[in-house]
Amino acid sequence: MSSDELGSENENFDSIQKDSLWRDEHKMEESAQLIHFLVLGLICGLILRELNKKTNIPYSPMILALGLAIGLSQEYLGKIGNSAYILSKMHPHLIVFIFIPVLLFESAFNCDWYTFKYQIINILLLAGPGCGWGAILLGACFKIILQYSDDDMNWYEAFTLGSVLSATDPVAVVALLKELGANPAFNHLIEGEALLNDGVAMVFFNVFNNISKASSGKGEAVNGGDIVLSFIRTSLLGPVMGLILGVLVALWTKRILGDDIEVTWLTFVFTYFTFYWAEFEFFQTSGLLAVVGLGLFWCAYGRTRIRASVEHSVHAVWGFVQYSCDTLVFLLVGIIVGIEIMEEKLILSSDYYKMIGFYFLMILARFLMVLTFYPFLKCFGYPISKSELIVLVYGGLRGGLGLTLSLMVGCDEDLPARFRHLAVFYAAAMALITNMINGTTCKTLVKCVKMIDEPIVKKKVYKKYLEELIVIQQDLVKELETDDFYNMTDWMTVGNLIGQQDFIDKIDKVEQDIKNFIQKKGFQEMIYEGLPNQDVFGEVRYRVYRILKGLYYHKYEEGLVEEQTVRMLVESSDVGLDKLNDNLEIWDELYKNFMNLCSVNFFFKVKQKFLIGYFAREYLIKHLGLVYDVTSSFIICAEEALKLADNFPMNKEAISIIQEELKRDIEKAQTYFGTLNGSFPEIVRVLQTKKASFSILTHSIEHLQSTQRRGLIDDKEYKILLKDINNKLVKLESHSYDMSLPSFHVVAMQFPIFQEISLTDLDIIKKVAIEKKYVLGQVIYAKGDECSEVYIIMRGYVVNDFNGILITKGLGSLITHQSLIVDGVHMSTAKAAVESQLYALPTKVIKEVMIRNKEFEFKVYLHSLEYIRKWYESKVGPLAQMDLKRLNEFLRNKCKLIKLSALSQTEFTHGGFLFSGEVQDSKANTYYKYDYIPPSEGLFTTVQYATCFTFDEPIEVLQMKRMKELKLDSQRDQEIHERYSEIKRNSIMELSKINIT
């Protein structure tokens, strides 16, 4: 057989063997090695992460240096080196396609939207025109100062490289600033600039790169119009695309019933779907900016579509993905650059000297760029100071995207070889130098320019927290010492392990800092614990903000507010905590998030229009639902905080001044809330219905989960009930509400005040009800006038004025029941705050119903107490300090209404409240109308016919429990300090014994 025939036969044999199912075993082994290498890379990342915790060396430069080391020594690392070499040939576009979308989405998704949006103008200035101006300045540095010739790079290529180097990645700096306690607004400015300029830098990169190719005859010709259209298409359509897809996936997510996997998978899949569809399908716009748009939408609105029960899982998964991608990007880029350096032949020795000079030029160019926009940065958002400007310039580190873009230049054979190698060289050098030098020295710079001025107030509060921590630890030690299972414990070692002495040393250091501060400043007037006036006010404000945050979270835990509401409320306090020397302006901070009422009016008018009406109704319910929730929750929590502030162990004059600031905020909120009730009663009724349903269903879930944890219900029944309640929550979101306001006769039974009366009595009330309308400012009744009618509000809102103390009431409120308990005289003056519609009910009829229905009578007295405790605050004792919700709950469950004839006797063992008449205790102490009766032993004698509440439990116990929940009992700080001092003395004695031994 000839050799040709043999060869032909072998080829036929190979073709038979290598059919569609054939796989190359060698390639399989290579794939396994690649996976093994990536896993080793993540393990090394974990080791470096631990090193970062112990040394504070930034993580990103460490992993980049590891990649460089692997790339430089690739030939000597065997299979690991071979895997690294294979990965080094990965096309840089793959790095962009696989890793960058995830990193951008995670960064945008975890932004604090309420701070981010205030900084949005400054962020857009720095990331948009700032990025372009920076690219031009850097390009000019290459051509004019470093004197690179056209053989090295022409002007357009210089601007292309400038675009590559204008993308910032200040991860290490942001982490450092958070650790040091920098202003969150400044952190968001740096982080937001990096987030957006990644996409913008790529847009400028593509523009300059296309012009460069066209100028050399290797690309399509472009003109000015093409450039502008291309820039608009890539920079604007991308974010719009992300917003549209964000809305769709948010609607999908809201219908998912507690499925962690599906929610997480949706956010993950749509990140890549958005990128690829925008980049390759949707007008070929910027996929990176589309992902940023998607992430910011989820940060602002989509996050609230994720139920609280699964949000932690979503963030945990995204945290893992972000860490893995960040590690692999820097590792791969480091490997690629390291191998390129080993194979490099086009980089000259002079380039290394120029590279060092360019590092300083790059900082100078960034300084000029920021300085150009500095006048605007001081005017918009949160103005930045000069020290922050310095840190903003110095903290512009270069990172993964710039390196990736340089590699994309490096593999583009349409560009000159010398320029391609210079691009990779400079990008790698700047990433390494900025991370290793700027990233590690930024902390020193922050301290040198005194960017973070920690108020003495925070030092004192921090000291108190440390004292409290030590006391709590010692309490637990004492408890465990009495436990038989800890009889042989070495408590001395326990003290060392829990770091008690370390905490004591920290407190000593803080105390010394406070003393040094006071001595340095030389204050003459100290009004509280050695603090100057301004700092006393700052500490009072600090405590107010802290109480408010606690109250907000408490309402959220009780299921009374939604997550977006509590996030907005807490954010308003966080903003205030950074401005303790400024007056309280909490309401102004909240109001920035609301749509103005003119816009709401427009949506209200078109709510019945074809097509647009559906979206108008949905938006009204969602936006006004948030507004209503935020405003009502703020008023309730701020009023309670106002009362709790009386218990601060501080200068009462300072407390009073801050209370006045908070009162002004409450009055603004009440005015807005009243306008909302008066202008849109139809929507308010829908919002109240939805809010009540949500609160009840949420509370039902919490009760069900508590029951399941205690083992009182089987898993099978638990899952069935949980699914059923979740289904109801989903239906609640999609339920179609009737936005018309029914007449009084239709909804009378639904008013809480009338729910206990019989249908016969209700029919009587309906028949005698008379509609009355009042214009703005019109007096409805005046103080001292005969009370012949009581009023129910059907539209608008009314202000009750009692000697300058105002109480505002809106839709569905009975505004004169406090006058039903006196001798037919109005106790206050009421005016219509807006155009209002009320129904007048004859007082005689209502009193007859009270006689027939004791539950209704009790409810009238109960609600009248809301007014009395504000109007007679000095007489009502602890009733004035309690928030209304807790007070009403206590009175409904632990109180009786009794009427006492003259000379009769009764007990007030747990206390009570006197509405009318006069009583005297066994010690001849006399109590009059509107007096609080404290818990007393013995019998009380009725001097004059009396109507009163008697309590089944002391109300002081409930109030004290509340104070302890909020850690506000007046003696607490002093007790903790005294106990800490004792613990410290004992610790010193123990150390002395050890030293003697």
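Keep in mind that the numbers below use all heavy atoms, side chains included, and drop hydrogens, waters and symmetry copies.
- Note: Tyr672 and Tyr591 have perpendicular aromatic rings, judged against thresholds of 30 and 60 degrees for the angle between ring planes.
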Quick one, Thr631 with Val627, criterion side-chain contact (heavy atoms from CB on, under 4.5 Å). Give me CA distance, side-chain angles, the key distance, then yes/no.
CA-CA 6 Å; Thr631 308; Val627 170; 3.9 Å; yes
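- Looking at heavy atoms from C-beta onward, Ile696 lies in side-chain contact with Ser700 at the 4.5 angstrom threshold.
- Using modelled atom types, no side-chain atom of Glu660 and backbone atom of Ile657 make a donor-acceptor pair closer than 3.5 Å.
- Annotation: the span from Ile933 atom CD1 to Ile955 atom CD1 amounts to 12.5 Å, rounded to 0.5 Å.
- Ile807 has its side chain out of reach of Val799: every pair of non-hydrogen atoms, C-beta onward, lies at least 4.5 Å apart.
- Ala833 and Leu776 get closest at one heavy-atom pair: O-CD1, 2.5 Å.
- Panel note: side chain Glu589, backbone Ser572; no donor-acceptor pair is recorded below 3.5 Å.
- Counting only distance, with no hydrogens or angles, the side chain of Asp665 and the backbone of Ile586 share a donor-acceptor pair below 3.5 Å.
- Looking at heavy atoms from C-beta onward, Cys637 lies in side-chain contact with Lys555 at the 4.5 angstrom threshold.
- Scanning for side-chain contact (heavy atoms from CB on, under 4.5 Å) contacts around Pro935 gives Tyr932, Pro954, Glu956, with sequence neighbours left out.
- Atom CG in Leu879 sits 6.0 Å away from atom CG in Leu887 (nearest 0.5 Å).
- Using a 4.5 Å cut-off on side-chain heavy atoms (C-beta onward), Met568 and Leu626 make contact.
- Taking both residues in full, the closest heavy atoms of Ala645 and Ile655 are given as O-CG2, 3.5 Å, listed atom of the first, atom of the second, then distance.
- Heavy atoms only, all atoms of each residue included: Lys831 and Ile780 are closest at C-CD1, 4.2 Å.
- Among all heavy-atom pairs drawn from Ile123 and His188, the shortest one is CD1-O, 3.7 Å.
- When atom types are taken as modelled, the side chain of Asn122 and the backbone of Phe380 share a donor-acceptor pair closer than 3.5 angstrom.
- Judged by distance alone, with hydrogens and angles left aside, the side-chain atoms of Ser633 form no donor-acceptor pair with the main-chain N or O of Val630 at under 3.5 Å.
- At most 12 heavy atoms of other shown residues, nucleotides or ligands fall within 6.0 angstrom of atom CD in Glu835.
- The environment of CD in Glu889 is sparse: at most 12 heavy-atom neighbours from other residues, nucleotides or ligands sit within 6.0 Å.
- In this structure, Gln119 contributes its side chain and Leu189 its backbone to no donor-acceptor pair below 3.5 Å.
- A pairwise comparison of heavy atoms in Gln659 and Leu642 identifies NE2-O, 2.9 Å as the closest pair.
- Taking the charged nitrogens against the carboxylate oxygens, Asp582 and Arg541 have no contact shorter than 4.0 Å, which rules out a salt bridge.
- Rounding to the nearest 0.5 Å places CG of Asp952 at 9.5 Å from CG of Asn893.
- Taking CE from Met794 and CZ from Arg685, the interatomic distance works out to 8.0 Å, rounded to the nearest 0.5 Å.
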Check step by step if side-chain contact (heavy atoms from CB on, under 4.5 Å) holds for Leu838 and Val798.
CA-CA 10 Å; Leu838 286 73; Val798 173; 4.3 Å; yes
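- Remark: Glu639 pairs with Gln670 by the side-chain hydrogen bond (donor to acceptor under 3.5 Å, both in side chains) rule, at least two apart or across chains.
- Counting only residues at least two apart or in different chains, ring pair (Phe, Tyr, Trp, His ring centres under 6.0 Å) contacts with residues 794-814 comprise Phe802-Trp871, Phe802-Tyr872.
- Exactly one of Phe913, Phe858, Tyr930 qualifies for a ring-ring contact (aromatic ring centres under 6.0 Å, His included) with Phe949. That residue is Phe858.
- Atom CD of Glu571 is separated from atom OH of Tyr552 by 11.5 Å, given to the nearest 0.5 angstrom.
- For residues 804-816, the pairs satisfying salt bridge (Lys or Arg N to Asp or Glu O under 4.0 Å) are Lys809-Glu866, with sequence neighbours left out.
- Judged by distance alone, the side chains of Tyr774 and Gln837 never bring a donor and an acceptor atom under 3.5 Å apart.
- Contact check for Tyr781 versus Ile815: side-chain heavy atoms found under the 4.5 Å cut-off.
- With sequence neighbours excluded, no residue satisfies ring-ring contact (aromatic ring centres under 6.0 Å, His included) with Phe634.
- Side chain of Arg892 to main chain of Lys859: no donor-acceptor pair is present (N/O by atom type, distance under 3.5 Å, no hydrogens or angles).
- The shortest heavy-atom contact between Ala782 and Val779 is N-CG1, 4.2 Å.
- Aromatic ring centres of Phe951 and Phe890: separated by under 6.0 Å.
- To the nearest 0.5 Å, the span separating CG on Asp931 from SG on Cys948 amounts to 12.0 Å.
- Within the 4.5 Å cutoff, the side chain of His863 has no heavy atoms near those of the Leu814 side chain.
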Assess the residue pair Tyr861 and Phe915 against the criterion (ring-ring contact (aromatic ring centres under 6.0 Å, His included)); give the C-alpha distance rounded to whole Å, side-chain angles, the decisive distance to 0.1 Å, and a yes or no.
CA-CA 8 Å; Tyr861 276 90; Phe915 285 100; 4.9 Å; yes
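- The side-chain contact (heavy atoms from CB on, under 4.5 Å) test applied to Glu667 returns no partner, not counting sequence neighbours.
- Residues Ser632 and Phe673 are in side-chain contact: their nearest non-hydrogen atoms beyond the backbone lie under 4.5 Å apart.
- At a cut-off of 3.5 Å, with distance as the only test, a side-chain donor of Lys783 or Asn803 sits close to an acceptor on the other residue.
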Salt bridge (charged side-chain N to carboxylate O under 4.0 Å, His left out) between Asp629 and Lys691, intermediate numbers included
CA-CA 8 Å; Asp629 212 19; Lys691 182 177 171 66; 2.2 Å; yes
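- Side-chain polar atoms of Asn800 and Ser828 form a donor-acceptor pair below 3.5 angstrom.
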